[in-house]
Number of protein chains: 2
Amino acid sequence: MMTAVESSGRRRVTLDDVAQRAGVHKSTVSRALRSASSDPRVARIREVAEELGWTPDLIAAGLRNQQMRSIGVLVPRLTDVVLATIFEGIDDTLSQQGWQAVVVSTWDEPEVQRRRARLLLGHRVDGLIVADARDDEPYMVDIAGRGVPVLLVNRSYPGFVSVTCDDELGGRLAAEHLVGLGHTRLGVVAGMPYAVSLSNRVRGFRAAARERGVEVSDDLVVPSTIYPSAGREAGTRLLDLPDPPTAFFVVNDAAAIGLLGLLRERGLTPGVDVSVVGFNDIPEAAELHVPLTTVRNPMREMGALAANEALRMISGQPVTSRTLRPELVVRASTGPR
Amino acid sequence: MMTAVESSGRRRVTLDDVAQRAGVHKSTVSRALRSASSDPRVARIREVAEELGWTPDLIAAGLRNQQMRSIGVLVPRLTDVVLATIFEGIDDTLSQQGWQAVVVSTWDEPEVQRRRARLLLGHRVDGLIVADARDDEPYMVDIAGRGVPVLLVNRSYPGFVSVTCDDELGGRLAAEHLVGLGHTRLGVVAGMPYAVSLSNRVRGFRAAARERGVEVSDDLVVPSTIYPSAGREAGTRLLDLPDPPTAFFVVNDAAAIGLLGLLRERGLTPGVDVSVVGFNDIPEAAELHVPLTTVRNPMREMGALAANEALRMISGQPVTSRTLRPELVVRASTGPR
DNA sequence: TCCTGTCGTGCAATCGATTGCGCGCAATCG
DNA sequence: CGATTGCGCGCAATCGATTGCACGACAGGA
């Protein structure tokens, strides 16, 4: 004979099943299961629930309570270790507090962003954490005022509360370092123009360089994606200039790694012939043949803080934007001119 | 005056709202919205729904239909690019078919695995894709027979349908390559013993080596984690043996990268003094100073196939385990003895 | 003219957990 | 011993979409 637990493909155990077995009404069971009381009757009901293998149906409870205890998270893509790390911070924080993160990839494509955001709202998430805001296609604007709080992380946008790295400061740290080493011809691999996090890094870099008497002209600032291949391509363009830079600021480490590969092929030694500063300090930056000087971005903390702020928003508490402090990590890929 | 769409924080628009505005019953609206008809009355109802900004409540629909069109995915961690890539394949495939993936990280910890699996079931996912099966703590066994189909990916387990790489073959390819280059003293950085994917690679490697007359003794097989630091530590142990190996098989690329760092520090040139074969072919393997010879694991395809097989299981169709063919990618980190 | 078949619509039940309301029982006090 | 307070429990409504059933209208054929 099969017990209820062993049989497969059977109907879900509901509160009513427990109630019947315990000889009480389902409302009594519901109350018993969430009371802290140690009343013997309550204990008996708990026992029956356990025996029958009852587990709460979060969908039914969510419908009734108008609260799913879940937050939707939109990221460009999870195979980017930067976004994966931010999400890990979010997921960890939420799950520790009994909440569920529901993540979707949008590939930075506005149409996908809109579609998947709508879908998340259909799943009645209680809030949205947006890590893929574009300043040319701010889909979050349509979502806001839908009754669901929206928090930005990683990239900011006017009118929204956000949790970001102080990207401008990060850019400044890179510029100060390179100018301090005596470099005066600075190239920038600038990333996607629609990502404010990246353009802020470039802005900070150029401003700090100029303040120290080094002008970074527009032709030394090359847009790119965030992949190693993009670092190679942008690097090629810059190295092939009549008067190529002696130092590079690459707005993300993956592209910087591509640039390092290009330099190697051209017989240039990073840190000796040419300097390179990356951004984020992803784990492999330290493992490279020539370890990468980079700006550490507190990605995990950013995710954790974003999750907490989102919970605060949902519970109706006031929240304000926060920026986290980046830090320069000097390694072997930079050296004196 | 605010329109319904502009006002914020307001109540959700329900079918009943649309029905009242259109002067019909909500059941009529429900039918109209999902019929393909171009009847003018149907068109009118659609128009009203659009105007009021109605969006389906997937929670309510899920409760009524006993089907959420979502699949829970359990992974060790998403910051591991291997798992992130597998998940990307799953997510992409599911979302293209109108399904939602809900992913959770379990850190390979049995207690977390159990807790989060239960939580996913509480969310009424229609199936589970398990990427973090441990052969010493098979939590999936408790979950199976809960009325929800379970599919394994990445790591297999007896009695479960799985989609995996042919890891044993991958190990064989590595061994054939190294023995073919004349190496007879082979070291193995073996990964976690509880992960069958990894131990299968080691088994295939040792079997193929033995078939070619090279015995890999137990003291040359060192357990590890999958991080670069673990590659360094395991490598240190092997290099400090009285008769150290001249070639290494490292069951995953991240650890192989750590081993390459160690070799560099010891003044050994990979591909010349010592050979190293990794596993997975993650993107950075090709970008290294000494590009890594490795066994390509079709991770994204694995995820996509797993998603499709899971959908098949859910729809009640028969499914069988599938293995995908790995491929040796020879680069500069291996060379003749 | 009446009957039958078809189509569209309204009604009400359903999914499972939660909760306000009210009833009945027991305990305590005057 | 009767009245009042308090507590526990059952009842039924609720959340929002879906769907079987039944009824009414209308058309076509006998």
Side-chain angles (χ1 to χ4, degrees), chain A residues 10-46 48-49 52-70 98 118-119 121-126 146-148, chain B residues 10-46 48-49 52-70 98 118-119 121-126 146-148:
Chain A
R10 84 200 169 294
R11 202 174 54 77
R12 217 187 152 76
V13 178
T14 72
L15 275 190
D16 231 345
D17 299 329
V18 180
Q20 258 159 33
R21 192 89 132 80
V24 292
H25 193 264
K26 59 175 173 172
S27 61
T28 307
V29 177
S30 174
R31 284 185 278 251
L33 290 178
R34 84 176 71 322
S35 87
S37 150
S38 59
D39 186 298
R41 285 165 298 184
V42 168
R44 171 70 190 133
I45 290 174
R46 284 230 187 78
V48 173
L52 260 46
W54 179 84
T55 35
D57 184 324
L58 271 24
I59 297 300
L63 177 62
R64 161 71 218 222
N65 297 342
Q66 303 283 59
Q67 154 106 285
M68 288 297 293
R69 295 179 73 80
S70 72
R118 261 203 305 277
L119 218 55
L121 291 177
H123 278 281
R124 291 193 86 121
V125 293
D126 303 304
R146 278 261 196 174
V148 169
Chain B
R10 82 199 171 295
R11 203 175 53 80
R12 217 186 152 76
V13 178
T14 72
L15 275 191
D16 230 344
D17 299 328
V18 179
Q20 257 159 33
R21 192 90 132 80
V24 292
H25 192 265
K26 59 175 173 171
S27 61
T28 308
V29 176
S30 174
R31 284 184 278 250
L33 290 178
R34 87 178 67 309
S35 88
S37 152
S38 59
D39 187 299
R41 284 165 299 185
V42 167
R44 171 70 192 135
I45 290 173
R46 284 229 186 79
V48 174
L52 260 48
W54 179 84
T55 34
D57 184 325
L58 270 26
I59 297 301
L63 177 61
R64 161 71 218 220
N65 297 342
Q66 303 285 58
Q67 154 107 287
M68 287 297 292
R69 297 179 71 80
S70 71
R118 261 203 305 275
L119 218 52
L121 292 176
H123 278 281
R124 291 194 85 120
V125 293
D126 304 304
R146 277 262 196 172
V148 168

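Proteins get letters first, then strands, A, B, ... in listed order; numbering begins at 1 in each.
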Report task. Kindly indicate whether the side chain of B:I59, heavy atoms from C-beta on, has any atom under 4.5 Å from the side chain of B:M68. Result -> yes
Report summary line: In short, B:R12 meets B:P56 closest at the heavy-atom pair NH2-O, 3.4 Å
Report task. With side chain to side chain contact (heavy atoms under 4.5 Å, CB included) as the test, would you mind laying out the steps for B:L33 and B:W54 before giving the verdict? Result -> CA-CA 11 Å; B:L33 290 178; B:W54 179 84; 3.6 Å; yes
Query - Segment of DNA chain C, first to last nucleotide, that comes within the 4.0 Å heavy-atom reach of chain A - result: C:dG16 to C:dG20
Are there any protein N/O atoms within less than 3.5 Å of an N/O atom in nucleotides 23-26 of chain D, and if so, which ones and at what distance?
none

Report task. Report the secondary structure of DNA chain C in dot-bracket form, marking unpaired bases with a dot and bases paired to a different strand with |, and treating Watson-Crick or G-U pairs with both distances under 3.5 Å as paired. Result -> ||||||||||||||||||||||||||||||
Query raised in the report: How far apart are the C-alpha atoms of A:T55 and B:L121, what are their side-chain angles, what is the distance that settles it, and do they pass the side chain to side chain contact (heavy atoms under 4.5 Å, CB included) test?
Result: CA-CA 8 Å; A:T55 35; B:L121 292 176; 5.9 Å; no
Report summary line: To the nearest 0.5 Å, atom CG of A:L52 lies from atom OG1 of A:T14 at 9.0 Å
Query raised in the report: Do side-chain atoms of B:H25 reach the backbone of B:S27 as a donor and acceptor pair under 3.5 angstrom?
Result: yes
Query raised in the report: Starting at the 5' end of DNA chain C and moving along, which residue's nearest nucleotide shows up first, B:D39 or B:R64?
Result: B:D39
Query raised in the report: For residues 27-37 of chain A, which residues have at least one heavy atom under 4.0 Å from DNA chain D?
Result: A:S27, A:T28, A:R31
Query raised in the report: Which residue lies toward the 5' end of DNA chain D, B:T55 or A:R41, if each is placed at its nearest nucleotide?
Result: A:R41
Query raised in the report: Is any side-chain heavy atom of B:R31 less than 4.5 Å from a side-chain heavy atom of B:V42?
Result: no
Query - From B:R146 atom CZ to B:R118 atom CZ, the distance as rounded to the nearest 0.5 Å - result: 8.0 Å
Query raised in the report: With B:R41, which residues qualify under side-chain hydrogen bond (donor to acceptor under 3.5 Å, both in side chains), at least two apart?
Result: B:D39
Query raised in the report: In terms of the nearest nucleotide of DNA chain C, which residue is placed more toward the 5' end: B:K26 or A:A60?
Result: B:K26
Report summary line: With sequence neighbours left out, the residues meeting side-chain hydrogen bond (donor to acceptor under 3.5 Å, both in side chains) with B:Q66 are B:R124
Query - Sub-4.5 Å side-chain heavy-atom contact between A:R44 and A:P40 - result: no
Query raised in the report: If you draw a 6.0 Å radius around CZ in B:R21, do more than 12 non-hydrogen atoms from other residues or ligands fall strictly inside?
Result: no
Query raised in the report: Hey, mind stepping through A:R46 and A:S35 against side chain to side chain contact (heavy atoms under 4.5 Å, CB included) and telling me if it holds?
Result: CA-CA 10 Å; A:R46 284 230 187 78; A:S35 87; 4.3 Å; yes
